[in-house]
Amino acid sequence: MLKGFKNAAELDFSLEENKKKMEEAFQQIDAEKGSVYPLIIGGERIETEKKITSLSPATKEVLGYACSCSKELAEKAILAANEAFKTWSVTPVEERIRCLRRLAVLLDENRFIIDAWNVEESGKNWGEADGELCEQLDFINSYVMHMAELDKGLELVPTDEYTKCIYIPIGVGVAVPPWNFPLSLIGGMVAAAVVTGNTIVCKPSSDTPIVAYKFIELCEKAGIPAGVVNYIPGSGSEIGDYIVEHPLTRFINFTGSKAVGCRINEHAAKISEGQKWIKRVVAEMGGKNAIIVDSTANIKKAAKGIANAAFSFQGQKCSACSRAIVMSDVYDELVDAVVEEAKALKEAQASGRSNAPMGPVINQASFDRIKGYIEVARGEGNIVFGGTYSDAEGYYIDPTVVRDIKRDARIANEEIFGPVLAVIKVDSFDEALDIANQTEYGLTGSVYSETRENIMKAKVQFQVGNLYFNRKSTAAVVLQHPFGGFNMSGTDAKTGTSDYLTNFLNLKSITEDLMS
């Protein structure tokens, strides 16, 4: 048993009390729309002339303006974090834990307003937003628990000497979280850095800077000292490489695209003048995830799982299913069943602040990219549902099911990051595994089967970081399904675990001769 840990429970929005509180939170947001959110560097709020406009993906309405960080202010942030590290690194673990426990309380107290901002800025529905807040609470509580154990050091063989092997913090980190989980991923990165005694400079996505700002505000209120956590949204082309290459940067924690993750890894590997260490990169970079359905699967259950994994939050999850690989003798039945599930999702689709299962994609660039892949799909297979889209009011793309896709097709190999499902027909389970593994990614995968031999084979041969059987490939829960992928999906740093924290710690062995 993991003593003292319990996963947070999501809110029930069918209850009138919770509905009312969400509506009140939206009213509060309406009163704040158009506000300017400054940088936070060393506890100082700094406004800049250059701004980042945050738009609602559901309505294109302006939500607010985040100040954009320059290279000079990025330097100031790293220096502030480095200065704060001198004291925070020697602050007792108990005090760090106290701050994070207070942060968890504040998140829960501000739950509805944080959820509402997430709905507005990322386009999530209410349940997805609150599920993310629960994940953030779980990250905090798991890292607190693990650090309390790590602080005891390693158990060593007794000798005549005094010996100890302890974990120590390593320095200033850079957090680069994505827009699709604007609370839990910046929060998990911050919690891991703070509890291990490090300091961090956060560069949130330009699509969701307000959610990040609200979180950093709570960090301050929780008593985390000035400079330990810094907030610097800004252009990647202006400050991205700079903060990665800075000689005082000790680690980079990134979630996002393969292209950006590989660029960060490349630039972090360069030794800058005055740099004393090899930088650590913790990266999670997406996937091209497959769900395999064999001849013995429960087709109705498989179809529901595939549709949910492919289309919830508009397919904008690195864990989303984008390929269904199906045995030929159940192929038509499975495709028809997935289409029925997609129809139900389409019928429930709504715009704005609804709690519908599907909403908008994040921005115009994403809409245009996904639209382009749908047009590619028309030439590579047969669209049996969806393939329709509109950006008249917000960025809406219908759930799209494409059958008769060949294994070498573009939409069978390239990450789309939208609600487009490629369905591939195979004649054997071995062929299904071979196709599932042909991608350069290795994040999540699922198998629907009632054949034990196939299940056992997949456990060994399906090369992904998170493998599921007879359930969807999304919705990993902290310390139930430790999350992180292989190959071009990232560095397999399993979030929520004690192993994750060791990415931000060094082991120091101390020995003293007691006979002198």
Side-chain angles (χ1 to χ4, degrees), residues 29 32-41 45-74 77 114 117-124 129 132 174-187 189-190 200-217 229-244 252-261 263-264 267 283-286 313-314 316 318 360-370 391 394-395 417-418:
I29 286 174
E32 194 177 325
K33 282 179 180 175
S35 297
V36 173
Y37 299 91
L39 309 179
I40 303 176
I41 298 175
R45 277 157 172 74
I46 301 172
E47 290 200 16
T48 60
E49 184 176 347
K50 186 177 178 181
K51 305 290 194 300
I52 297 166
T53 302
S54 175
L55 294 177
S56 163
T59 63
K60 302 184 183 179
E61 180 184 10
V62 173
L63 300 175
Y65 304 92
C67 290
S68 184
C69 188
S70 65
K71 190 177 292 185
E72 291 73 23
L73 288 170
I114 296 294
W117 269 116
N118 201 341
V119 170
E120 285 276 20
E121 202 170 33
S122 75
K124 293 190 172 187
E132 187 179 345
V174 167
V176 186
W179 53 262
N180 61 334
F181 287 87
L183 174 66
S184 66
L185 291 189
I186 191 173
M189 292 173 179
V190 166
I200 199 153
V201 173
C202 302
K203 182 194 164 310
S205 167
S206 294
D207 287 307
T208 52
I210 299 176
V211 172
Y213 183 88
K214 297 295 181 180
F215 172 73
I216 302 302
E217 275 192 320
V229 182
N230 303 274
Y231 169 82
I232 57 163
S235 165
S237 61
E238 184 169 358
I239 66 170
D241 290 348
Y242 183 77
I243 58 178
V244 167
I252 302 97
N253 200 342
F254 168 79
T255 297
S257 71
K258 184 194 83 171
V260 176
R263 180 181 179 87
I264 286 172
H267 283 256
E284 196 270 282
M285 305 188 300
F313 191 35
Q314 300 70 261
Q316 298 174 122
C318 55
V361 298
I362 188 63
N363 57 27
Q364 187 72 56
S366 182
F367 177 89
D368 292 343
R369 188 190 69 254
I370 298 165
D391 60 350
Y395 307 110
F417 222 68

Trainee: With a sphere of 6.0 Å drawn around NZ of Lys71, does it hold more than 12 non-hydrogen atoms of other residues, nucleotides or ligands?
Mentor: no
Trainee: Pairing donors with acceptors under 3.5 angstrom, does anything connect the side chains of Glu32 and Tyr37?
Mentor: yes
Trainee: If you measure from OH on Tyr395 to CG on Asp368, what distance do you get to the nearest 0.5 Å?
Mentor: 9.0 Å
Trainee: Do Phe181 and Lys124 have side-chain heavy atoms sitting under 4.5 Å apart?
Mentor: yes
Trainee: Does a side-chain heavy-atom distance below 4.5 Å link Asp241 with Arg263?
Mentor: yes
Trainee: Quick one: CG on Asn180 to OG1 on Thr255, what's the gap to the nearest 0.5 Å?
Mentor: 8.5 Å
Trainee: To the nearest 0.5 Å, what is the distance between CH2 on Trp117 and OG on Ser54?
Mentor: 7.0 Å
Trainee: So, Lys60 side chain and Pro57 main chain: donor-acceptor pair closer than 3.5 Å or not?
Mentor: no
Trainee: Would the distance check show the side chain of Glu284 and the main-chain N or O of Gly286 forming a donor-acceptor pair, the cut-off being under 3.5 Å?
Mentor: yes
Trainee: For Met285 and Ser257, what are the C-alpha separation, side-chain angles and deciding distance, and is it a side chain to side chain contact (heavy atoms under 4.5 Å, CB included)?
Mentor: CA-CA 5 Å; Met285 305 188 300; Ser257 71; over 6 Å; no
Trainee: To check you understand the geometry: which heavy-atom pair defines the closest contact between Gln364 and Asp391, and what is its length?
Mentor: NE2-OD2, 2.9 Å
Trainee: How many angstroms lie between atom SG of Cys69 and atom CG of Leu39, to the nearest 0.5 angstrom?
Mentor: 5.0 Å
Trainee: Can you see which heavy atom on Gly123 is nearest to which on Pro360, and at what distance?
Mentor: O-CD, 3.7 Å
Trainee: Which heavy-atom pair separates Asn118 from Glu132 by the least distance, and what is that distance?
Mentor: ND2-OE1, 2.9 Å
Trainee: Does the side chain of Val62 come within less than 4.5 Å of Leu55's, by heavy atoms?
Mentor: yes
Trainee: Working to the nearest 0.5 Å, report the span between CD1 of Ile362 and OG of Ser205.
Mentor: 7.0 Å
Trainee: Closest heavy-atom contact between Pro182 and Ser122?
Mentor: CG-CB, 4.3 Å
Trainee: Please determine if Glu121 and Lys214 form a salt bridge, counting it only when a charged side-chain N lies under 4.0 Å from a carboxylate O.
Mentor: no
Trainee: Answer whether the closest heavy-atom distance between the side chains of Tyr213 and Ile40 falls below 4.5 Å.
Mentor: yes
Trainee: Checking Ser56 side chain against Thr59 main chain: does a donor-acceptor pair fall under 3.5 Å?
Mentor: yes
Trainee: Please verify the inter-ring angle class for Trp179 with Phe313; under 30° counts as parallel, over 60° as perpendicular, anything in between as tilted.
Mentor: perpendicular
Trainee: How about Tyr231 and Pro38: do any of their side-chain heavy atoms sit closer than 4.5 Å?
Mentor: no
Trainee: So, taking the atom named CD1 in Ile232 and the one named OG in Ser68, what distance separates them when rounded to the nearest 0.5 Å?
Mentor: 10.0 Å
Trainee: Are Pro178 and Leu185 close enough that some pair of their side-chain heavy atoms sits under 4.5 Å apart?
Mentor: yes
Trainee: Measure from NZ or CZ of Lys203 to the centre of the six-membered ring of Phe254, then state whether that distance is under 6.0 Å and the direction lies within 45° of the axis.
Mentor: no
Trainee: For Leu183 and Ile186, which heavy atoms make the closest approach, and how far apart are they?
Mentor: O-CG2, 3.4 Å
Trainee: Where do Ile200 and Met189 come nearest, in terms of heavy atoms and distance?
Mentor: CD1-O, 3.9 Å
